[in-house]
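Quick one: the structure is below, and I'll ask about it shortly.
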Amino acid sequence: MKRSTTSALTLVLLTALAGCGTGGTRTAPPQLGEIPTITGVGQVVRPIDVYLPTTAQTRTVERAAYLTSALCLRRLGITEPPGPDPARAEPADRDVRSQLYGYFAPDRVATTGYDAVVATGTGQPTSAATVQVLTGRDAAGTPVTDFQGRAAPKGGCLQEGLDAVGGAVFLSSDPSALPGGGPKEPLTDPRVVAADRQWSSCMKDHGFTYATPADAYMDPRWRDRTHGAAASAAHTPAELATAAADDACKRSTNFMGIAVAVQAAYDRQYIAAHPQELATFAQGVSRHVADAQKAVAEGAAG
């Protein structure tokens with residue numbers, strides 16, 4: 001990973017800022033390691049990552065839940081699938097989205113902006129019978145206990161799919177799913193606040209007024225503009241221009257390098273404080289994956 005040639009100076013300045021205004025009573029923020037220069041999403045690596053499910057593990061669990069739900073439907077005489085098969089979905093390009101980082105996908109911002117447009121509707125309506133058996137409830141909300149003379153599982157075939165993988169649709173890669181809510185997201189850490197200000201000043205030079213990268217990413221102008229399968233999901237010139245400026249300012253101020261370094265410090269602090277909880281969590285992940293692998297094997301055989 002490329003490192004910033006000015007990291008030592010930056011660290012001194014940020015550490016000095018972190019010590020201001022504490023009044024001698026507040027706990028000092030955790031100490032930083034070296035500040036990297038981050039220009040690509042693949043460089044966003046955190047200490048907590050080793051405790052989170054991998055993409056491959058998550059896809060295995062999604063596939064297991066899908067196959068188990070499909071087998072349940074077929075057992076009840078329904079050949080319609082429970083939805084899009086996750087095995088046929090194209091792997092999504094990696095990006096980073098959080099309250100701390102905002103949005104970071106430098107290879108795509110020129111064409112997809114913040115990639116926040118949500119189109120609803122699949123264009124392939126599911127039959128009422130399939131919906132009832134999947135959800136375990138009819139249109140009036142009454143539990144469905146049987147279908148065409150066959151006993152239906154409590155909670156529907158979707159719940160049966162979830163139960164097959166330990167009760168989760170997929171293993172979350174969000175650190176907030178970790179014990180105690182995971183590491184603190186250091187939004188108010190003085191070093192992050194200073195980085196936000198540098199980024200915001202840069203954005204003003206480009207003609208945009210936002211206090212933090214999250215504010216730019218969460219601008220309601222980029223969100224939920226489409227309704228229905230035929231709606232356009234085009235990204236507006238304003239969105240593309242804002243996202244491009246956001247990315248340029250992240251690069252020129254090394255916002256991502258600073259933010260990742262600060263977050264890593266809080267990760268290390270959290271890991272040191274929760275060794276047993278994290279060990280138990282890791283065991284649970286292993287069980288979920290093992291259950292999912294078994295369900296996938298059984299589904300494939302079926």
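Since the model is a prediction, treat every value here as computed from it, not as a measurement.
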Which atom names give the shortest non-hydrogen contact between A259 and L100, and what distance separates them?
O-CD2, 4.0 Å

State, yes or no, whether a side-chain contact exists between M203 and W199 at a heavy-atom distance under 4.5 Å.
yes

Can you name the residues that form a side chain to side chain contact (heavy atoms under 4.5 Å, CB included) with S201, not counting sequence neighbours?
none

Using every non-hydrogen atom in the two residues, find where L178 and L278 come nearest and quote the distance to one decimal.
CD2-CD2, 4.1 Å

Scanning both residues in full, the closest heavy-atom pair of A261 with I35 reads CB-CG1, 4.1 Å

With clusters defined by side-chain heavy atoms of hydrophobic residues (ILVMFWY) lying less than 4.5 Å apart, directly or transitively, does L73 cluster with V131?
no

For a quick test of your reading: what N or O donor-acceptor pairs under 3.5 Å do the side chains of residues 205-212 make, sequence neighbours left out?
residue	atom	partner	partner atom	Å
H206	ND1	C202	O	3.0
Y210	OH	D219	OD2	2.7
Y210	OH	R221	NH2	3.1
T212	OG1	A214	N	3.4
T212	OG1	D215	N	3.2
T212	OG1	D215	OD2	3.3

Determine whether V109 and D246 satisfy the following criterion, side chain to side chain contact (heavy atoms under 4.5 Å, CB included), listing intermediate values before the conclusion.
CA-CA 9 Å; V109 291; D246 179 354; over 6 Å; no

By the salt bridge (charged side-chain N to carboxylate O under 4.0 Å, His left out) test, which pairs, at least two apart or in different chains, include something from residues 283-293?
none

So disulfide bond (SG atoms under 2.5 Å apart) across residues 63-100, not counting sequence neighbours, yields C72-C157

Minimal heavy-atom distance between P29 and R191, with the atoms involved, is CB-NH2, 2.9 Å

Neighbour count >12 (heavy atoms, 6.0 Å) for atom CZ, R197
no

Nearest-0.5 Å distance, NZ of residue K294 to OG1 of residue T68:
11.0 Å

Between D115 and H235 the two heavy atoms that sit nearest each other are CA-CE1, 3.8 Å

Residues passing the side-chain hydrogen bond (donor to acceptor under 3.5 Å, both in side chains) test with Y101, sequence neighbours excluded, are none

In residues 136-145, what donor-acceptor pairs under 3.5 Å come from side-chain atoms, sequence neighbours left out?
residue	atom	partner	partner atom	Å
R137	NH1	G141	O	2.5
D138	OD1	A140	N	3.0
D138	OD1	G141	N	3.0
D138	OD1	T142	N	2.8

Roughly how far apart are L71 CG and L76 CG, rounded to 0.5 Å?
11.0 Å

If you define the side chain from C-beta out and look only at heavy atoms, does anything of Q263 sit under 4.5 Å from P183?
yes

Go through the structure and list residues passing side chain to side chain contact (heavy atoms under 4.5 Å, CB included) with A56, not counting sequence neighbours.
T54

Determine the interplanar angle of the Y114 and W222 rings, folded into 0 to 90°, and report it as parallel if under 30°, tilted if 30 to 60°, perpendicular if over 60°.
parallel

Decide yes or no for P84 and Y66: does some side-chain heavy atom of the first lie under 4.5 Å from some side-chain heavy atom of the second?
no

Sequence neighbours left out, what passes side chain to side chain contact (heavy atoms under 4.5 Å, CB included) with D174? Give chain and number order.
S172, S176

Check whether any side-chain heavy atom of V192 sits under 4.5 Å from a side-chain heavy atom of I258, and report yes or no.
no

Nearest heavy atoms of S69 and G161, plus distance in Å
OG-CA, 3.6 Å

Can you confirm whether V41 sits close enough to D107 that some side-chain heavy atom of one is under 4.5 Å from a side-chain heavy atom of the other?
no

Working to the nearest 0.5 angstrom, can you tell me the gap between E160 CD and R75 CZ?
4.5 Å

Same cluster or not: L162 versus V133, using hydrophobic residues (I, L, V, M, F, W, Y) connected whenever any side-chain heavy atoms lie under 4.5 Å apart?
no

Give every donor-acceptor pair under 3.5 Å between a side-chain atom in residues 268-276 and any protein atom, sequence neighbours left out.
residue	atom	partner	partner atom	Å
Y270	OH	P179	O	2.6
H274	ND1	Y270	O	2.9

Check for me, please, whether V193 and L32 land in the same ILVMFWY cluster - side-chain distances under 4.5 Å, paths through other members count.
no

Find out whether L52 and D49 are in side-chain contact, i.e. whether some heavy atom of one side chain is under 4.5 Å from a heavy atom of the other.
yes

What is the distance from atom CG of D189 to atom NZ of K184, rounded to the nearest 0.5 Å?
7.0 Å

Sequence-distant partners of T39, side-chain hydrogen bond (donor to acceptor under 3.5 Å, both in side chains), two or more places apart:
Q43

Side chain to side chain contact (heavy atoms under 4.5 Å, CB included) with A292: which residues, sequence neighbours excluded?
T60, V61, A64, V165

Are any non-hydrogen side-chain atoms of S98 and F104 less than 4.5 angstrom apart?
no

State yes or no: do L240 and Y103 share one hydrophobic cluster built from I, L, V, M, F, W and Y residues joined by side-chain heavy-atom distances below 4.5 Å, directly or via other members?
no

Going by side-chain hydrogen bond (donor to acceptor under 3.5 Å, both in side chains), name the residues that satisfy it together with D196, two or more places apart in sequence or in a different chain.
none

Atom CD of residue position Q31 - does it have more than 12 heavy atoms of other residues, nucleotides or ligands inside 6.0 Å?
no

Side-chain heavy-atom pair V44, M256 within 4.5 angstrom cut-off:
yes

Apply side chain to side chain contact (heavy atoms under 4.5 Å, CB included) to R251 and T37, showing your working.
CA-CA 8 Å; R251 289 171 180 266; T37 295; over 6 Å; no

